[in-house]
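Report on the following structure.
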Amino acid sequence: MIRTRFAPSPTGYLHIGGARTALFAWAYARHHQGTFILRIEDTDVARSTPAAVQAILDGMQWLGLDPDEGPFYQMQRMARYKEVIAQMLAAGTAYHCYTSREELDALRAEQEANKQKPRYDGRWRPGDQPLPAPPAGIQPVVRFRNPVDGVVAWDDLVKGRIEIANAELDDFIIARADGTPTYNFCVVVDDWDMRISHVIRGDDHVNNTPRQINVLRALGATVPLYGHLPMILGDDGQKLSKRHGAVSVMQYDTDGYLPEAVLNYLGRLGWSHGDEEIFSLEQFCAWFDFDHVTSSAAQFNTEKLNWLNAHYLKSADPARLAGEVRRRLAAQGVDADAAHALEKAVALYQERVGNLNELADAVHPFCVAVEPPTELLAQHLTPLARSALASLRDTLAGVSDWQAAQLGQAVKQTLTSHSLKMPQLAIPLRVVLLGQAQSPSIDAVLETLGRERVLERLERLPQPRA
RNA sequence: GACCCUAUCGUCUAGAGGCCUAGGACAAUACCCUUUCACGGUAUGAACCCGGGUUCGAAUCCCGGUGGGGUCGCCA
């Protein structure tokens, strides 16, 4: 039984790297009819916030990566961690350490001065030497008694075999002086208790893996399989951080991206299936495997995401898009329900825009009266165009069946009677009707805008400057 | 500094020793389509980090170098 988990710490929103980790873990479970678990790692009380928990949940939901189990919260599992720590203390696989932070700082400074790898020197580790008497008034931390010899090795799902010598590892703290357990310990207990079969996480955790494996062994637990995903770099090739380029997945929502476009993009970033570029979430789950996950970091490319977004926009259901547009327009104080044919207008533009915000902007003139920019008027509303527009208005008023075909006929009729080429009439018409010199086919615009609005906007032709 | 990971067009990637005069996609450029702008179509330019091996043969395997990244917390 495949059981994967996504285990973010709620110290911020769900960013793009976390989203991809979640997607891969989710897809792997789906692929194998397994279980995907969401676990919130909130043991850092000082930095975890309920708002961040909510932001992560919102992000997961927007992407549609629903967990089969959880969310579980580590803070609610304290009793269990303490129980395991007590067992380890009793078994001798963990011990109390009374070294103060000041002593630790001094030790680290000394090691760095000697160009050595900073690490705990094991001064309170039970061994051959007799231990000093515990100093009074100091609450000890609990350290894991790491093996001294040999190597810890595992076959990483994405990076292949990785070996790290135990000599590189020190006795890390599993419980703070106040008794609360630390990350490397909680993860182990949780992955064990939750019977996680595949630990899929960012490769910034590679160095934690040997420690965790050692604890698992000390506990007599089964060691899961590990897959460490390379990181995602920003558009500029720089590392993503709160300060630089890292944004919440929800930002993609406000920027007008469709979740399926983001998912498709993320799926293709660091994973491939031959030449496939466009695939649904379902298809991704069916294809996903670790053999085709890239082992090196990938640079985020917004332009490719834009291309995918435009693609999904084209084939999306206009009714759904209309809902999104309504929501965005409402935020601008525009009541899109006033547009009797919002869905039609959306259908007219959905294959011409790159995101939902552009779609909302495009549809805007179909909802409320437009005020054409003066430059456009000056440029296109020539006396010739004015007279043609006036005559077109009259012809249009007589059209019985307000359909693109008939409207196109009316336009062509005006063209002939005024000896004009299509652009000479269509562009001024666009400016007057939509406030823009570009639009979809003019007959479709006329039909979609509707008889009433067209005639009204042509009626009130902006006057030339005296 | 130590340890670990990593290296194919500008970017994402295909590539599991001969199928590679290295394929696809985004982006770029040109042309076509056209009622403007898009969309779409066609075409073009663009890469195996360097040096040694192994092999009849290496983008693919090995070693070294260099570049990039990660980790060295009573953070996760």
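Sequence lines set the chain letters: A, B, ... in the order given, protein chains first and strands last, and positions in each chain run from 1. Hydrogens, waters and symmetry mates are skipped; everything else that's a heavy atom, side chains included, is used.
Distance, A:Leu313 CG to B:rA38 P: 17 Å, rounded to whole Å. B:rG73 atom P lies 16 Å from atom CG of A:Asp44, rounded to whole Å. The CD-P distance, from A:Gln212 to B:rA76, rounds to 12 Å in whole Å. Spacing between atom CG of A:Asp235 and atom C1' of B:rA27 amounts to 11 Å, rounded to whole angstrom units. Rounded to an integer number of Å, the gap from CD of A:Gln116 to P of B:rU71 is 22 Å. Here the P atom of nucleotide B:rC26 and the CD atom of A:Glu303 are 12 Å apart, to the nearest Å. Going from atom CD of A:Gln111 over to atom P of B:rC3 covers 15 Å, rounded to whole Å.
Distance noted for atom C1' between B:rA47 and B:rC20: 13 Å (whole Å). Taking atom P in both B:rG69 and B:rG45, one finds a spacing of 33 Å when rounded to whole Å. Comparing the P positions of B:rA59 and B:rG17 gives a spacing of 13 Å, expressed to the nearest Å. Using C1' as the reference atom, B:rC9 and B:rG23 are 12 Å apart when rounded to the nearest Å. Taking atom P on both nucleotides, B:rA25 is separated from B:rU44 by 12 Å, rounded to a whole Å. The P atoms of B:rC49 and B:rA43 are separated by 29 Å, rounded to the nearest whole Å. Distance noted for atom P between B:rA46 and B:rG10: 11 Å (whole Å). B:rU8 and B:rA16: their C1' atoms are spaced 15 Å apart (whole Å).
From A:Arg145, atom CZ reaches atom CG of A:Asn214 across 12.5 Å, with rounding to the nearest 0.5 Å. Annotation: the span from A:Asp42 atom CG to A:Arg77 atom CZ amounts to 11.5 Å, rounded to 0.5 Å.
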| request: Apply salt bridge (charged side-chain N to carboxylate O under 4.0 Å, His left out) to A:Asp170 and A:Lys117, showing your working. | output: CA-CA 10 Å; A:Asp170 64 0; A:Lys117 185 170 180 168; over 6 Å; no
| said: Let's go through A:Glu110 and A:Arg119 carefully: what are the C-alpha distance in whole Å and the side-chain angles of both, what is the deciding distance for salt bridge (charged side-chain N to carboxylate O under 4.0 Å, His left out) to 0.1 Å, and is it a yes or a no? | reply: CA-CA 11 Å; A:Glu110 185 189 323; A:Arg119 43 136 69 88; over 6 Å; no
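Judged purely by distance below 3.5 Å, without hydrogens or angles, the side chains of A:Glu260 and A:Asn264 never pair a donor atom with an acceptor atom. Defined by atom type and a distance below 3.5 Å, a donor-acceptor pair is present between the side-chain atoms of A:Asp190 and A:Tyr81. Neither side chain, A:Arg211 nor A:Asn146, offers a donor N or O lying under 3.5 Å from an acceptor on the other. With no hydrogens or angles considered, no side-chain donor-acceptor pair links A:Trp307 and A:Asn309 at under 3.5 Å. Side chains of A:Asn306 and A:Tyr257: a donor-acceptor N/O pair is present below 3.5 angstrom, by distance only.
At the phosphate of B:rU13, OP1 or OP2 sits under 4.0 Å from a side-chain N or O atom of A:Thr294. Listed pair A:His292 / B:rG15 meets the phosphate criterion, a side-chain N or O lying under 4.0 Å from OP1 or OP2. Remark: A:Thr11 is not in phosphate contact with B:rA76, judged by side-chain N or O atoms under 4.0 Å from OP1 or OP2. A close approach under 4.0 Å does not occur between any side-chain nitrogen or oxygen of A:Thr182 and OP1 or OP2 of B:rG73.
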| remark: Going 5' to 3' through nucleotides 60-69 of chain B and flagging B where a protein heavy-atom sits under 4.0 Å of the base, S where only the sugar-phosphate is that close, and - otherwise, we get ---------S
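Taking every side-chain heavy atom of A:Val141 into account, B:rC74 is the closest of B:rA76, B:rC74, B:rG1. The side chain of A:Ile427 has B:rU36 as its nearest neighbour among B:rU36, B:rC74, B:rC26. Distances from the side chain of A:Ser441 to the nucleotides B:rG1, B:rC74, B:rU35 place B:rU35 closest.
Side-chain atoms of A:Arg430 come within donor-acceptor range of the base of B:rU35, with a qualifying N/O pair under 3.5 Å.
When heavy atoms are screened at a 4.0 angstrom cut-off, A:Pro230 is found touching no nucleic acid atom at all.
In this structure, A:Arg268 forms no cation-pi arrangement with A:Tyr265, as its terminal cationic atom is not both closer than 6.0 Å to the ring centre and no more than 45° off the ring axis.
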Please list each protein N or O that sits under 3.5 Å from an N or O in nucleotides 23-25 of chain B, with the distance.
residue: B:rG23; atom: N2; partner: A:Asp275; partner atom: OD1; Å: 3.1
residue: B:rG24; atom: N2; partner: A:Arg268; partner atom: NH2; Å: 3.2
residue: B:rG24; atom: N2; partner: A:Glu277; partner atom: OE2; Å: 2.7
residue: B:rA25; atom: O4'; partner: A:Glu277; partner atom: OE2; Å: 3.4

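Between the side chain of A:Asn355 and the main chain of A:Asn357, a donor-acceptor pair closer than 3.5 Å is present.
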